[in-house]
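To keep things clear, I will list the structure first and then write my remarks on it.
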Amino acid sequence: MTPPKKKAGAKKAGAKKAGAKKSGAEKAALKKAAAKKSAVKKKRAGVEKAPAVPVPVEPVVPPPVPFSPALGAGDRERLLHGTHHDPHGVLGAHPVPGGVVFRALRPFARSVTVVAEGLRAELHDDGDGFFSALLPLTDVPAYRLLVAYEDTTVETEDAYRFLPTLGDLDLHLIGEGRHEELWTVLGAHPVTHQGVSGTGFSVWAPNALGVRVAGSFNFWDGTGFPMRSLGSSGVWELFVPGVGDGELYKFDIARPDGTHTLRADPLARRTEVPPATSSIVHTSRYEWGDAEWLDRRAETPVHEAPFSVYEVHLPSWRPGLTYRQLAEQLPAYVRDLGFTHVELMPVAEHPFGGSWGYQVTGFYAPTARLGTPDDFKFLVDALHRAGIGVLMDWVPAHFPRDAWALAEFDGRPLYEHEDPLRAAHPDWGTLEFDFGRREVRNFLVANAVYWCEEFHIDGLRVDAVASMLYLDYSREPGQWTPNEHGGRENLDAVAFLQEMNATVYRRCPGVVTVAEESTAWDGVTRATHHRGPSGFGGLGFGLKWNMGWMHDSLQYMSHEPVHRKHHHHEMTFSMVYAYSENYVLPISHDEVVHGKRSLVSKMPGDWWQQRANLRAYLAFMWAHPGKQLLFMGQEFAQGAEWSEAHGPDWWLLDPAYPAEPDHRGVRDLVRDLNAGYRSAPALWQLDTDPAGFQWVVGDAAEDDVFAFLRHDADGTPLLCVANLSPVVRHDYRVGVPDDVPAWHEFLNTDAERYGGSGVGHPDPLKPEPQGWHGRPASIRLTLPPLATLWLRPA
């Protein structure tokens with residue numbers, strides 16, 4: 001409704017009348033002042049007069065300043081340049097003297113009309129996409145905007161009439177770095193806000209001069225969608241009505257130098273398929289079916305339970321399969337082989353496939369290469385319903401320098417450390433997180449919780465922990481600065497890891513965190529509140545990769561058997577420190593790439609000896625204290641080194657391939673290892689207790705023989721004997737307890753069905769009363785060549 005012209009004219013007339021009154025008043029005041037001045041002069045001259053009668057003075061009324069609904073030049077310029085911190089303060093509808101002012105910024109619109117009950121008023125075109133009008137209303141009505149473009153007209157809600165989607169408590173927790181559900185408030189969230197459907201966008205960018213949302217819904221022009229700054233929190237927010245699932249978006253950030261950068265959302269829960277880089281508005285509609293799994297996963301602590309892990313590079317396990325197609329094949333395959341868990345790499349979104357997921361750009365988004373976030377949930381659910389736990393590789397140590405991601409996100413170092421020496425990772429060309437900044441710590445701690453709570457992940461294998469713990473990691477003198485105590489420990493990283501582990505274990509019962517940590521840091525798997533000799537509390541991990549065991553044992557196995565007697569300690573040294581931490585024995589992807597060769601190809605000898613060595617090594621590994629991890633392809637003795645481009649050589653298991661029985665035999669052994677492992681609590685119940693292990697033969701270097709006992713909580717033993725020489729050893733006497741009436745060989749890696757020579761013990765073995773190896777009884781064994789035996793009470 002446009003006010004009639006005559007009313008505007010009346011207002012002008014009124015203004016003139018007020019001006020006239022002011023002029024008369026000014027004259028009366030001047031006249032009074034002159035009379036007073038004259039009386040003073042006469043008094044001084046001795047002339048006395050009667051007091052003057054006061055003259056009434058009309059008050060001076062300033063003329064009203066005409067209100068212009070159009071924005072001033074300063075606001076216009078800041079909005080057009082994307083540097084306005086409070087667009088809601090000037091756009092939208094606001095009560096002002098004389099009515100309600102309406103303003104809109106709609107680039108390329110031909111007209112904008114305010115529509116409400118009983119109201120239809122076209123706004124004045126102020127140029128550059130600005131529209132405004134002052135309407136004679138007493139209150140702001142519930143209104144919509146009718147925006148006419150050259151070829152269409154759109155009726156929409158005005159984004160600048162809504163309150164923030166974040167509350168004061170959210171902002172307080174973000175400022176404190178304690179918002180454990182950060183993903184629920186930052187990012188893009190389709191919601192119904194003040195009765196209207198749309199998407200709330202929010203991002204942390206404290207150094208930005210301004211932030212706008214650009215996306216498929218506004219043709220990637222964020223000019224008309226500036227966000228507001230929420231106080232000193234560094235958070236920018238905008239609710240955009242009508243935007244929902246599937247819309248692409250990024251944040252257009254005005255940097256401190258005035259330039260602009262278009263950035264993906266750090267908390268995007270879905271992304272485009274690389275190499276495209278946009279974030280996608282996403283709402284999960286997945287309904288889980290794994291309640292039974294979640295209810296019982298916390299019944300037994302992981303370090304007291306069977307835990308054998310099949311490590312999988314999802315994009316190349318079966319190249320071309322989606323998450324949902326993988327859900328049809330992977331659970332069945334892993335269950336058939338008897339592994340208790342899978343470890344998935346990569347999961348979080350990453351631009352370069354050759355990084356295997358270790359250079360993350362989308363910390364809150366499963367990689368879109370294989371499907372949607374709900375598709376990934378479907379895979380996790382399928383694994384759980386098959387009785388298989390799911391670990392994922394998690395990478396909080398560093399991130400890549402891609403100009404559309406986290407690097408100098410708002411124009412200055414934000415997620416990375418402001419000190420270039422602390423920010424640059426020396427090995428990978430990436431940037432290290434600033435663990436001392438509470439908002440960055442919050443981003444990462446909440447991310448760990450996010451994967452466990454939103455995707456039901458059962459464990460996080462934390463990558464590159466050593467690079468986080470040491471300030472001088474891969475740095476020469478002069479390239480690093482000591483901590484406040486003069487030491488090399490990264491105190492900020494220590495505090496972060498402690499907080500992350502404590503938070504995950506508190507919020508997510510049954511979840512385990514696993515550290516890939518390659519140094520002798522004290523207390524990686526010790527509770528955070530227990531201080532060690534170094535003065536630090538434990539880091540709080542549940543398990544730690546035993547990189548020392550992996551390196552030493554593979555080094556031993558790579559020697560020709562004739563030389564192994566000189567390296568015997570490489571297989572026994574691990575027991576010196578086996579109970580210093582809760583360990584996983586990892587034969588991971590790192591050991592079968594980049595010229596390191598596949599596991600079977602590391603073994604010496606001809607093809608038969610290589611397979612025999614591999615089988616003996618795997619059985620020794622499964623019996624050794626600690627949990628197990630094996631990378632895909634190694635379970636069937638793939639000869640070629642792994643490549644993410646093509647994955648495992650499944651054709652080796654094709655019955656038409658002449659050597660198929662050789663590969664199938666190794667896979668059958670792995671299946672039996674897992675079955676025997678699960679059935680024998682001695683192999684896992686006391687993994688972290690020295691009472692669960694005893695050497696029987698640890699010094700037979702000349703024979704290349706190792707023998708040890710494992711015990712379960714009830715004291716029931718299991719005897720493991722490994723002959724890592726290529727000769728059969730007849731009547732090899734091994735000391736045993738005298739309270740076991742007979743021993744039964746229940747696993748022999750030389751069995752013919754595995755591709756071995758078939759030397760073994762089909763009948764129970766009765767101990768003889770002859771003491772041996774410091775034990776009261778002994779049994780005589782025929783040790784197969786390059787083989788490991790497991791025996792337990794018959």
Side-chain angles (χ1 to χ4, degrees), residues 1-5 7-9 11-12 15 64-116 119-137 140-141 143-162 208-215 217-229 236 238-242 251-254 258-260 262:
M1 179 181 69
T2 304
K5 294 289 185 180
K7 292 187 178 180
K11 182 179 286 189
K12 290 180 181 178
V65 178
F67 179 83
S68 172
L71 282 177
D75 285 322
R76 285 173 64 106
E77 183 176 356
R78 289 197 298 275
L79 286 168
L80 290 174
H81 286 86
T83 59
H84 207 295
H85 74 286
D86 186 22
H88 293 70
V90 293
L91 298 178
H94 301 277
V96 296
V100 174
V101 65
F102 291 83
R103 300 191 189 98
L105 174 54
R106 294 285 171 166
F108 311 114
R110 298 180 64 181
S111 67
V112 176
T113 302
V114 172
V115 179
L119 172 68
R120 186 183 182 92
E122 183 174 333
L123 306 186
H124 180 265
D125 186 347
D126 298 326
D128 294 328
F130 290 97
F131 297 83
S132 68
L134 174 63
L135 304 185
L137 303 171
V140 176
Y143 70 95
R144 294 170 64 84
L145 298 178
L146 201 63
V147 185
Y149 296 95
E150 186 171 347
D151 54 357
T152 187
T153 299
V154 178
E155 185 173 343
T156 180
E157 298 283 352
D158 185 359
Y160 296 92
R161 77 171 184 86
F162 293 92
L209 297 180
V211 183
R212 302 182 290 198
V213 181
F217 51 88
N218 59 16
F219 302 98
W220 295 101
D221 181 3
T223 305
F225 294 79
M227 305 174 75
R228 65 178 143 206
S229 173
W236 300 76
L238 179 67
F239 174 73
V240 182
F251 294 114
D252 177 0
I253 298 174
T259 62
H260 282 253
L262 199 59

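Separating the CD1 atom in Ile253 from the OG1 atom in Thr83 is a distance of 14.0 Å, to the nearest 0.5 Å. Atom CZ of residue Arg103 and atom CG of residue Leu123 lie 11.0 Å apart, to the nearest 0.5 angstrom. Remark: Thr113 OG1 to Glu122 CD distance equals 4.5 Å, nearest 0.5 Å.
Within the 4.5 Å cutoff, side-chain heavy atoms of Val140 are placed close to those of Pro95. Taking the side chain as every heavy atom from C-beta outward, Leu262 and Phe251 never approach each other to under 4.5 Å. Side-chain atoms of His88 and Leu238, non-hydrogen and from C-beta on, do get closer than 4.5 Å to each other. Counting only heavy atoms from C-beta outward, the side chains of Asp252 and Phe225 never approach each other to under 4.5 Å. Counting heavy atoms from C-beta outward, Leu71 and Leu105 have side chains that stay 4.5 Å or more apart. Within the 4.5 Å cutoff, the side chain of Asp75 has no heavy atoms near those of the Phe130 side chain.
Residues Pro97 and Leu134 approach most closely at O-CD2, 4.5 Å, considering heavy atoms. Here the closest heavy-atom approach between residue Gly127 and residue Arg76 is recorded as O-NH2, 3.3 Å. For the pair Leu91 and Ala104, the tightest heavy-atom approach, listed with the atom from each and the gap, is CD2-C, 4.3 Å. Taking each heavy atom of His260 and Ala254 in turn, the nearest pair found is CE1-CB, 3.8 Å. Here the shortest heavy-atom pairing between Trp236 and Ser229 reads CE3-N, 3.6 Å. Smallest separation of non-hydrogen atoms from Arg212 and Leu80: NH1-O, 3.4 Å.
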Start with the C-alpha distance between Val114 and Leu145, add both sets of side-chain angles, then the distance that settles side chain to side chain contact (heavy atoms under 4.5 Å, CB included), and finish with yes or no. CA-CA 5 Å; Val114 172; Leu145 298 178; 4.0 Å; yes
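For the side chain to side chain donor-acceptor pair (under 3.5 Å) test, residues two or more places apart in sequence or in another chain that qualify with Thr223 are Asp221. Residues passing the side chain to side chain donor-acceptor pair (under 3.5 Å) test with Ser132 are Asp126, sequence neighbours excluded. Among residues two or more places apart in sequence or in another chain, the salt bridge (charged side-chain N to carboxylate O under 4.0 Å, His left out) test is passed with Arg106 by none.
Screening Val115, Val100, Asp158 for a side chain to side chain contact (heavy atoms under 4.5 Å, CB included) involving Tyr143 leaves a single residue, Asp158.
No more than 12 heavy atoms of other residues, nucleotides or ligands sit less than 6.0 Å from atom NE2 of His81.
Aromatic rings of Phe108 and Phe219 (six-membered ring for Trp) have centroids beyond the 6.0 Å cut-off, not under it.
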